[in-house]
Amino acid sequence: MAAYLSLMKGVKELDFRGPCVPSDLLLIGDHAFPLAMNSNGQVLMAASLYGAGRIVVLGHEGYLTAFPALVENALLWLRGDGSDDPSVFVQNSVKVVSDNLSKSTFQAQVVGGFNSNLKTSVYVTDAYNVGTDPKDLVAFMKAGGGVMIAGQAWSWAADHPKENTLHHFDGNKVSGVAGIYFSKNPAEVENLPVYPQIPSSYMAVVVGKDFEDDLQFLLHGVSELTIPNGSLASEVMVHGPLAFPIGVANGGQTFLAGAYYGQGRVIIAGHESVNLFSFFNAFHWLDEGRRGVVGVTLINGINIATNSGLEMEKTGFKKDLSVFVSPSNPQSHLEEIKNFVAEGGGLLIGGHAWYWAQSHGKSPMAEFGGNKILNQMGLSLLDSTIPAGSYKALDPSRAIKDTYHFRHLLHRFAKHVTVQEELSKDDEEFLKKLGSDCSTYLKMKAHDSCHYSQVVATLTDILKKSGMPQVNETCPVKNPKDHLLLNIGAEVYKVCPHPDDLLPYLIKDNPLLPVVHNYRVKIDVSTAGGEEWISTGLYLSPGMKTYVAIPADIVNKGWQIQIGCQTDRLNASELKRAPCVHVRFPVNSEMIQVSNLWGGLIYLVAPSNTQAQGLEAFVQIAVPAPYYKSGVTTQAEWSLLSTAPSPWAELEFDNIILTVPSDVVRCLDRPDKLADLWNDITKAIADLAAKSHKFPRKERFVADVQISHGFMHAGYPIMAHRCSATGLVDVNHVKTNGIWGAIHELGHNQQRGCWEFPPHTTECTCNLWSVYVHEVVFGINRDKAHEAMTLENRNKRTKDYIQGGMQLSSWSMWVALETYMQLQEKFGWDAFKKVFAAYHNMNNFPNDNKGKMNLYAETFSQTVSMNLTGFFQAWGWPIDQATEQKLSSLRGLIIQWSEWQRAYCF
């Protein structure tokens, strides 16, 4: 921004109306930015950085004299900050510039052309006479020199219809390296005002080339592209004006793409095994006829490089290569690799980013090594995946029209919103994907990039024009357009320059709520079981900002501040809330400003294996929430807190925290009795699991209008629908009717892989806790606790299983539970407690179901001193002879097949 202001200082308008017909300048990369943009989004003047140097590009050589004030500003900027070198060398073809500078402080000297012996900080030329070796001028700029270049390429392109303007037009051999191209398209001229900020428009050109010739070359002889069996590729986002898809899966996801960058080219494959490596067209496209050396670090890339007819060398990156083959997450030479491509090299990157994203818990957009190179080239590897398969090759003549491209569809959607241009059916089908990709793209946070800023500005304009759907339970979002708007609202709010101005377009009903000031939050935590949320009892309204003062002891120690209790991300066709409604901020300073478009409860998030006692944080301003904590909140305090204005409430007991809509607890008179009930429940859960009554981490429930899947699902927190909230806090309801589903989810959190046999027992063994808690704590017999547990239903399931041949493939959920119920009814709950306790003292467990089932049969048999191999075999378990031999000394549980079958098959 400072560069733009310096270049346009004192210039009020730029009147381009006149005899000059300029080229539309095409910009790529992070450093190029427009100086003048017409109402159609065409760029007539631009500037950029390259290496230590700078460049200003004018869309016609006539502009060197038409705008003398701008030219003088440009020369000052080009010579660099702090430099007072007055010398300017002017190429002979534009010597009129020298005449115009005669009365300025510059000392202009006319030369026949550029050579490396010129001692100057600034060189001025037209786009047709960049020298016998443009690389010399590029090296001058890279080393800190300033270049002003002016011209148009549309007439050259008309005279050279079969040549690639981007790479072969003289001016582009210099300016293109810095991310500014003279395009073959003429630009329309107007009298343009000079804006106080860098000009931006959704109309800006997003298609820099049709790429038909590139795809014809790349796909010659190729009918399909394959992601091999056993491979899972990362999706590639194609977002730059000079980036294009090459391989596309059936759902429109790209797994193979290419791009122009500077004077070079790049190809990215979303997995190193994509059959690109038997596809040597790519290497010749990247080599551009140089027949140079291909440097290979990827093992799978060696064969194709050998078969390509090009010289192959197994090496790390070095500058004298023609093509460099890199893994997807390079750790070094990132800037050098970008410059290598900009100056004419070819780059092939193969590999995925999804595993890195999973193992690091981060979006790869900004921090993944490959994307630190690729983002500027208009391509990005995503954490979304594409399965193995063979996919039909694109039709080169229709690829750009028929395939999904992030910027192209965003451009069309912006026109749809602003000028009501109709979208095609194909476009409408991709709107949901566009919304997701917008959210992903914005995570790049490349605020210094003109392209990124333009996307942010475009999305901001879209939201201001259309507003955001005011989604709720009675007004769900169903159509693709509203999906997109709802998806992008929060992400744009996070990154736009003026979020407060955007807020009224996003949240229509946002009443002011009573607040508290300088609220103290005590920090006493010992995390052994993963990260832990520390409740503050405070809430932020949508868009409300506050500062949190953090004790120095926990700064830069992995702590975070979270706004919002609902961390479930939605991917549903019908939305009753936004897909993601929480945000997190790293605790990296002692004073942090936080906010969330959707508002939410405030938490401190402690990392695992953390000890922090006697510390305090302070929240500057926030809305109080109904918050009860056992042993801390008195009955008198609760009578006031229960009416606190936050829409969310929390009830924190010894081992569990319930987060529910506040209206559910407004009439809760005795939270202490509810605490006693949940303490009894969690003690019973611990008893059956043979664990300490004090959980290593308090469990959490969140009851909300919509969750990601199921009626409830396990995790931290356990997620439940809003309709379950009343049942969680109503003591009489729980004792009378039970809460099977809630205990089922708590049971999920007790399951251990060593005695689980997925998928058979995934939804089965968690129900052991449901049966146990209902009978031991609530006094509700199993046949009353759930309709599936009536004797009639149990007998029918067992009968059907026997008649079906007792196939293990049918042994799951309720059928599998019957196996455990028969063991319980024979040996009691203590046997299960002892079995679980025995597992606590074991290690080196089998990894396969058969091995784990044999271990379980052995452990249960030894626990009850009875050989149960026959019982488990009767249920279809694959019991080994070795297990039978180990247990042969124990008295067996006699199973009379005829009697058992008569019992269930009469």
Side-chain angles (χ1 to χ4, degrees), residues 28-29 49-53 114-117 130-145 147 164 166-168 170 172-179 217-218 242 258-269 272 276-277 279-351 369-370 372-374 376-377 379:
I28 67 167
L49 310 175
Y50 187 69
F114 181 83
N115 68 73
S116 55
N117 294 322
V130 296
T132 55
D133 190 354
K135 291 183 179 180
D136 289 341
L137 190 49
V138 171
F140 163 74
M141 177 170 56
K142 187 176 182 180
V147 176
N164 187 325
L166 298 177
H167 277 189
H168 297 157
D170 267 9
N172 285 335
K173 295 174 183 178
V174 176
S175 65
V177 174
F217 185 97
L218 287 162
L242 291 180
Y260 284 75
Y261 182 70
Q263 285 295 289
R265 296 173 173 179
V266 60
I267 286 179
I268 171 66
E272 61 271 18
L276 173 67
F277 300 118
F279 175 30
F280 56 76
N281 298 350
F283 283 88
H284 286 280
W285 184 79
L286 293 168
D287 176 68
E288 295 194 68
R290 293 182 293 269
R291 302 198 66 80
V293 176
V294 178
V296 181
T297 55
L298 281 172
I299 299 301
N300 288 354
I302 294 176
N303 292 334
I304 175 55
T306 302
N307 298 334
S308 69
L310 300 174
E311 182 182 349
M312 181 276 296
E313 180 180 342
K314 188 177 180 182
T315 178
F317 174 76
K318 56 182 184 179
K319 295 178 181 180
D320 59 353
L321 298 170
S322 176
V323 178
F324 177 58
V325 183
S326 169
S328 62
N329 192 21
Q331 299 300 303
S332 60
H333 302 291
L334 303 186
E335 196 64 31
E336 294 167 274
I337 292 172
K338 281 188 287 188
N339 291 343
F340 164 76
V341 180
E343 294 172 26
L347 174 66
L348 169 63
I349 291 184
K372 291 179 181 179
I373 296 172
L374 291 167
Q376 291 191 36
M377 300 177 179
L379 300 167

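The structure presented is a predicted model; accordingly, all values stated were derived computationally and were not measured. All residue numbers in this chain count up from 1 along the given sequence. All values below were derived from every heavy atom in this structure, side-chain atoms included, with hydrogens, water molecules and symmetry-related copies excluded.
With respect to the salt-bridge test (charged N to carboxylate O, under 4.0 angstrom), the residues Arg291 and Glu311 do not qualify.
Taking both residues in full, the closest heavy atoms of Leu218 and Asn281 are given as O-ND2, 3.1 Å, listed atom of the first, atom of the second, then distance. Counting all heavy atoms, side chain and backbone alike, Gly351 lies closest to Glu272 at CA-OE1, 3.3 Å. A pairwise comparison of heavy atoms in Phe114 and Phe140 identifies CZ-CB, 3.4 Å as the closest pair.
Proximity of a side-chain donor or acceptor of Arg265 to a complementary backbone N or O of Gly345 within less than 3.5 Å is not detected. The backbone N or O of Leu348 lies less than 3.5 Å from no partner atom in the side chain of Ser326, so there is not a single donor-acceptor pair. The backbone N or O of Ile373 lies less than 3.5 Å from no partner atom in the side chain of Glu335, so there is not a single donor-acceptor pair. Judged by distance alone, the side chain of Asn329 and the main-chain N or O of Gly369 form a donor-acceptor pair under 3.5 Å. Formation of a donor-acceptor pair under 3.5 Å by the Glu288 side chain with backbone atoms of Gly264 is not found in this model. Although no hydrogens or angles enter the test, the distance criterion places a donor-acceptor pair under 3.5 Å between the side chain of Asp287 and the main chain of Gly292.
Residues Phe324 and Thr315 fail the side-chain proximity criterion, which asks for heavy atoms closer than 4.5 Å.
Taking the six-membered ring for Trp and the full ring otherwise, the centers of Phe217 and His284 sit at least 6.0 Å from each other.
Under the salt bridge (Lys or Arg N to Asp or Glu O under 4.0 Å) criterion, the residue pairs touching residues 316-325 are Glu313-Lys318, with sequence neighbours excluded.
Considering only residues two or more places apart in sequence or on other chains, Lys135 meets the side-chain contact (heavy atoms from CB on, under 4.5 Å) condition with Asp133.
In this pair, Phe317 and His333 present their aromatic rings tilted. The plane angle is within the 30 to 60° band.
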